[in-house]
Amino acid sequence: MTRGYFVLEQSGTVVKAAYLPADAYLQYGHGQEIIKAYAEGNEMELLEKFHERTDKRDIDHIRPGWYRETVYSGKDDFIEEFGYVLTNSSLSIYNFGKFLFRTKKEHAKTWLEVINSLDRFELAYLYSEDKLCYQWNQYHALFRDIARKINKGKSFMDLEQLLKDKNYIPSLLRDDHMMDVFHMPDRPAYQKPWNKGNASATFIVMREYGKWKVFLQLPFCRIPILSVYTSEKKAVEEIRQLLISKEPEMESFSEVVQLIEKYKTDPIIQEKDLIGLRKLLENKEQQRPWFAHQSRFTIDWIIEELLQRMRRRTD
């Protein structure tokens, strides 16, 4: 749950406050509701509604340092995720105590449209097609740039020209230390999940004898695909380059894996059904080949693995 505060300040002092115990998100949460009310001139009515819901024992204790950094803030102070601060002239929004943006009445409707489409702005400003990830360290810069444009008179339609098509789907590779099942202190192994919409795959980077290798998870096993590298960073970079250069094959790979999983888990499928699966895979191989379809992840291998699994199930 995302928490925050909605307050009215005068000269840096809290005059009226409300605690948002959940759904304090800027987008898809109370943030949109607050900005909308401010744009329509109903902000005080909304504040009063939230104020009435707040435990009265807490209201008198709410201070600016609980939702934004002040001159009295310490590095270990706890600050809620979002702060929505009304003054006589503006509405300011804070994220983990840091200033995001400020709007006056005349720009509030434009900001509301921006927040309604915030995921598209994040995609345009933060997503890297080279690194296959969002660069969240640029989050505050995103708002600074949008604020600069709005303050210069840019409309939402002007800002929307900078965005990607609504149907654009980013390709995302997670590069963190999610330990793999075979991880050992002397042989570290980390999963690197990839997804693009409904397509997905799991890569594993593993260090053996001082060198890093890359494996790809299949429905029945994992296969080596890239090697050898002197660092995990270099191995992951090669995964990125593979995904960029072979994105259609990886999307098709995901479709095949999902199809196989259905055959693996459906108890009523019989050996005779594999004839139909083979024809389906042969057609797919002709129309849209999948990654590794001619090396390790072949049609013969897929059918044989499913066949053995079905026989073991009936033994």
Side-chain angles (χ1 to χ4, degrees), residues 117-138 142 160-178 180 189-206 212-229 231-264 277-302 305:
S117 301
L118 185 57
D119 48 355
R120 294 184 65 206
F121 281 90
E122 291 171 346
L123 181 60
Y125 279 79
L126 307 180
Y127 175 68
S128 169
E129 294 182 341
D130 294 328
K131 296 183 178 180
L132 305 185
C133 68
Y134 285 87
Q135 298 177 295
W136 294 108
N137 60 335
Q138 299 297 314
L142 177 161
E160 197 175 24
Q161 300 305 311
L162 304 173
L163 305 183
K164 293 183 181 295
D165 184 271
K166 290 183 179 180
N167 297 320
Y168 182 87
I169 301 174
S171 176
L172 299 167
L173 178 67
R174 279 182 56 187
D175 181 15
D176 51 23
H177 285 82
M178 183 187 302
D180 182 63
Y190 304 108
Q191 294 185 14
K192 308 291 181 177
W194 166 79
N195 74 279
K196 181 184 179 184
N198 294 325
S200 63
T202 300
F203 299 89
I204 303 97
V205 294
M206 179 184 295
W212 291 87
K213 299 179 181 179
V214 179
F215 298 81
L216 177 62
Q217 186 65 54
L218 302 183
F220 303 101
C221 66
R222 56 186 55 181
I223 59 173
I225 58 170
L226 298 168
S227 64
V228 289
Y229 306 103
S231 69
E232 178 191 357
K233 180 179 179 180
K234 180 60 178 175
V236 173
E237 179 56 34
E238 290 301 313
I239 295 174
R240 289 194 188 98
Q241 295 307 313
L242 182 148
L243 288 168
I244 291 170
S245 63
K246 297 186 178 295
E247 186 175 279
E249 293 95 322
M250 289 306 305
E251 290 179 302
S252 187
F253 167 86
S254 176
E255 292 171 1
V256 172
V257 169
Q258 292 173 29
L259 181 61
I260 293 171
E261 291 296 341
K262 291 181 180 179
Y263 276 76
K264 280 176 57 181
L277 175 62
R278 177 181 286 277
K279 291 182 178 178
L280 184 63
L281 291 173
E282 288 173 349
N283 289 336
K284 187 172 184 60
E285 188 176 35
Q286 291 295 320
Q287 297 171 8
R288 196 184 184 196
W290 57 90
F291 183 76
H293 73 108
Q294 290 182 326
S295 55
R296 301 293 294 274
F297 199 31
T298 65
I299 294 175
D300 286 342
W301 182 86
I302 292 169
E305 288 292 331

Exercise. Given the rule in the salt bridge (Lys or Arg N to Asp or Glu O under 4.0 Å) test, do Lys164 and Glu129 qualify, once you have shown the distances and angles that lead to the verdict?
Worked result: CA-CA 12 Å; Lys164 293 183 181 295; Glu129 294 182 341; 3.2 Å; yes

Exercise. With a 3.5 Å cut-off and no angle check, do the side chains of Glu232 and His177 form a donor-acceptor pair?
Worked result: yes

For this session: Mind listing the closest non-hydrogen atom pair of Leu216 and Ala201 along with its distance?
Result: CD1-CB, 4.2 Å

For this session: Working to the nearest 0.5 Å, report the span between OG of Ser252 and CD of Glu285.
Result: 9.5 Å

Exercise. Can you name the closest pair of heavy atoms from Ile244 and Asp130 and give their distance?
Worked result: CD1-O, 3.7 Å

Exercise. What's the spacing between Glu249 CD and Leu242 CG if we round to 0.5 Å?
Worked result: 8.5 Å

Problem set entry | Donor-acceptor contact below 3.5 Å, side chain Gln258 vs main chain Asn198 | yes

For this session: Please answer whether the main-chain N or O of Ser295 pairs with a side-chain N or O of Thr298 as donor and acceptor at a distance below 3.5 Å.
Result: no

Exercise. Does the pair Asp176 and Lys192 meet the rule for a salt bridge (Lys or Arg N to Asp or Glu O under 4.0 Å), with working shown?
Worked result: CA-CA 7 Å; Asp176 51 23; Lys192 308 291 181 177; 5.6 Å; no

Problem set entry | Derivation and outcome, salt bridge (Lys or Arg N to Asp or Glu O under 4.0 Å), residues Asp175 and Lys131 | CA-CA 10 Å; Asp175 181 15; Lys131 296 183 178 180; over 6 Å; no

Exercise. Stepwise, does the side chain to side chain contact (heavy atoms under 4.5 Å, CB included) test hold for Lys264 with Phe220?
Worked result: CA-CA 10 Å; Lys264 280 176 57 181; Phe220 303 101; 3.6 Å; yes

Exercise. Less than 4.5 Å apart, any side-chain heavy atom of Val236 and any of Tyr229?
Worked result: no

Problem set entry | Any donor-acceptor N/O pair, Lys196 side chain to Glu251 backbone, under 3.5 Å | no

Seminar exercise, completed: Between the CG atom in Leu126 and the CG atom in Asn137, the distance rounded to the nearest 0.5 Å is 8.5 Å

Exercise. With a 4.5 Å heavy-atom cut-off, do Leu243 and Leu132 have their side chains touching?
Worked result: yes

For this session: Apply side-chain hydrogen bond (donor to acceptor under 3.5 Å, both in side chains) to the pair Gln241 and Glu237, showing each step before the final yes or no.
Result: CA-CA 6 Å; Gln241 295 307 313; Glu237 179 56 34; 2.7 Å; yes

Exercise. Under the 3.5 angstrom rule, does the side chain of Ser117 hit a backbone N or O of Arg120 as a donor-acceptor pair?
Worked result: no

For this session: Compute the ring centroids of Phe297 and Phe253, then answer whether they are less than 6.0 Å apart.
Result: yes

Exercise. Is the backbone of Gln217 close enough, under 3.5 Å, to the side chain of Thr202 for a donor and an acceptor to pair up by distance?
Worked result: no

Seminar exercise, completed: Distance col, row Leu218:CG vs Ile302:CD1, nearest 0.5 angstrom, shows 8.5 Å

Exercise. Near Gln294 CD, under 6.0 Å, is it more than 12 heavy atoms from other residues, nucleotides or ligands?
Worked result: no

For this session: Show your working on salt bridge (Lys or Arg N to Asp or Glu O under 4.0 Å) between Asp180 and Arg222 and close with a plain yes or no.
Result: CA-CA 12 Å; Asp180 182 63; Arg222 56 186 55 181; 2.7 Å; yes

Exercise. So, do Phe121 and Leu162 sit near enough that their side-chain heavy atoms are less than 4.5 Å apart?
Worked result: no

Exercise. Considering all heavy atoms of both residues, which atom of Ala199 and which atom of Ser254 are nearest to each other, and what is their separation?
Worked result: CA-OG, 3.3 Å

For this session: Quick one: sort the Trp212 and Tyr190 rings into parallel, tilted or perpendicular, breaks at 30° and 60°.
Result: parallel

Problem set entry | Side chain to side chain, Leu163 and Tyr168, heavy atoms closer than 4.5 Å | no

Exercise. Is there a side chain to side chain contact (heavy atoms under 4.5 Å, CB included) between Arg288 and Glu255 once you walk through the steps?
Worked result: CA-CA 10 Å; Arg288 196 184 184 196; Glu255 292 171 1; 3.0 Å; yes

For this session: Would you give the length of the straight line joining atom CZ of Phe203 to atom CZ of Phe215, rounded to the nearest 0.5 angstrom?
Result: 13.5 Å

For this session: Could you check if a side-chain atom of Pro224 sits within less than 4.5 angstrom of a side-chain atom of Lys213, using non-hydrogen atoms only?
Result: no

For this session: Indicate the atoms forming the closest heavy-atom contact of Cys133 with Leu173, along with that distance.
Result: CB-O, 4.5 Å

Seminar exercise, completed: Between Tyr127 and Ser171, the two heavy atoms sitting closest are OH-O, 2.7 Å

Problem set entry | Trp290 side chain near Leu281 side chain, heavy-atom distance below 4.5 Å | yes

Problem set entry | pair Ile299-His293: side-chain heavy atoms closer than 4.5 Å | no

Exercise. Can you find a heavy atom in the side chain of Ile260 that is under 4.5 Å from one in the side chain of Val256?
Worked result: yes

Problem set entry | Spacing of CH2 belonging to Trp194 relative to CG belonging to Leu172, to within rounding of 0.5 Å | 9.5 Å

